[in-house]
Amino acid sequence: MDRTLFDADHDAFRQTFRQFVDREIKPHQERWRDQGQVDREAWRKAGAQGFLCPWLDEKYGGAGADFLCSMIVMEELARAYESGFAMSLHSDIIVPYIHSFGNEEQKQRWLPGCASGEIVGAIAMTEPGTGSDLAAVTTSAVRDGDDWVINGSKTFISNGQLCDLVIVVAKTDPNPENAHKGISLFVVEAGRNGFTKGRRLQKMGMASQDTSELFFEDCRVPAANMIGIEGGGFLMLMQKLQQERLCVAIGGAAAAEQVLEDTIAYTKERKAFGKPISKFQNTQFKLVECLAKVEVGRAYIDKVVAGHISGKYLVKECSIAKFWITDMAQEVIDTCLQFFGGYGYMLEYPVTRAFMDSRVQRIYAGANEIMKVIVAKQLGL
Ligand SMILES: Cc1cc2nc3c(=O)[nH]c(=O)nc-3n(C[C@H](O)[C@H](O)[C@H](O)COP(=O)(O)OP(=O)(O)OC[C@H]3O[C@@H](n4cnc5c(N)ncnc54)[C@H](O)[C@@H]3O)c2cc1C
């Protein structure tokens, strides 16, 4: 299906990024999965070539391009079956908090490092006791002179081991009646006293992603590390979570497309009962159904992205994209995996890993049920 989102500059960017993926990512993927994280050096190389925060203004070290370049990065990583190199989380979810809500001093302090890959970012919302119900976080930040003192535990934090900077969601007002208005955002740099990185968690998929526990014990940060205003954290999160949901949907759509393409090729090669398995009517019907889902999803996501980059605040559409595309991607990948037979159960096959990687997309960035809660609210239900 023809896509109208991209111009010639975007196509050139995609070509350059594909070369980067072939040269700097593909040769290392197996080792990264074995070690449970991407090489730190890969982040610097990505930054040096302008692939981190490509949308960021040049005055902060970015390439001054747009979100579509970020979309290209997400799509090409998914097409390379690289689920652990969380460039999009860094560039399109974490850095925007600093860029949109940070003051000039904070932007000067952190953004150039984020663009160059010297600083890897993480965001710590989820806690062992709460994820979906963000207003119920218990990590606290108490003012003490010119500092804030943070205490609490976070879990499932992507880039948890590699991060040099983490945006911590904490309660600055413990009064439960002010649950939403009591949340603030703090930047905590790695190496601060009281901030420790816990276990790198063993996961079903995303083997090269260093998802971790983080602990804050009397961790002091200067008041100058608060992003935005005290008590404004929940509103900032709500505003930026639209793009986070969109990013997950973009990755899901591209993963489904790639798996389908590879499956079509495989079924033409693999023979059973004397003929390619693509010649069985069941194979044809299933793959055509997958293609229909992928193409419908592609049309929707591209339309939502077009609206998003034009500045529209698309709560309903981003939520629908997140749950529908990630559900669809998992169905498509599961259907495709079946055509690989026993090989579809072997870890050395990309389709097997795509199956395991895709499962989390229905859970993180807001569980798909939460997306439906949001849409229901939009409908006034
Ligand atoms: C690999 C991975 C990476 C992650 N990265 C990060 C990260 O970088 N930063 C971060 O802060 N978090 C991260 N998370 C956490 C993730 O966002 C949460 O796991 C997710 O929001 C769900 O929260 P929870 O696990 O506490 O589930 P819960 O909130 O306990 O919910 C469990 C289930 O209950 C159901 N449910 C809950 N509420 C409702 C409701 N209102 N209506 C209907 N059903 C409901 C849903 O089915 C939901 O899946 C990551 C998680 C994973 C697995």
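Just so you know, residue 1 is the first one in the sequence shown, and it goes up from there. Each ligand, and each atom within it, is numbered from 1 in the order the structure gives. All values below come from the heavy atoms of this structure, side chains included, with hydrogens, waters and symmetry mates left out.
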Amino acids contacting ligand 1, non-hydrogen cut-off under 4.0 Å
I123, A124, M125, T126, T130, G131, S132, F156, I157, S158, K203, T211, V360, I363, Y364, A365, A367, E369, I370, V373
Derivation of the side chain to side chain contact (heavy atoms under 4.5 Å, CB included) call for Q361 and Q330
CA-CA 9 Å; Q361 295 187 330; Q330 223 200 347; over 6 Å; no
Donor-acceptor pairs under 3.5 Å, side chain of residues 368-378 to any protein atom, not counting sequence neighbours: which ones?
| from | atom 1 | to | atom 2 | distance (Å) |
| --- | --- | --- | --- | --- |
| N368 | OD1 | K322 | NZ | 2.8 |
| N368 | ND2 | F323 | O | 3.4 |
| N368 | ND2 | T326 | OG1 | 2.9 |
| N368 | ND2 | D327 | OD1 | 2.9 |

I'd like a table of donor-acceptor pairs (distance under 3.5 Å, sequence neighbours excluded) in which one partner is a side-chain atom from residues 282-294, with atom names and distances.
| from | atom 1 | to | atom 2 | distance (Å) |
| --- | --- | --- | --- | --- |
| T283 | OG1 | I277 | O | 2.7 |
| Q284 | NE2 | S278 | O | 3.1 |
| K293 | NZ | E331 | OE1 | 3.1 |

On the ring face of F101, is K240 found with NZ or CZ under 6.0 Å from the centre and within 45° of the axis?
yes
With sequence neighbours excluded, give me every salt bridge (Lys or Arg N to Asp or Glu O under 4.0 Å) pair touching residues 62-75.
R3-E75, R14-E75, E75-R298
Pairwise side-chain contact, F51 with F13, heavy-atom cut-off 4.5 Å (strictly under)
yes
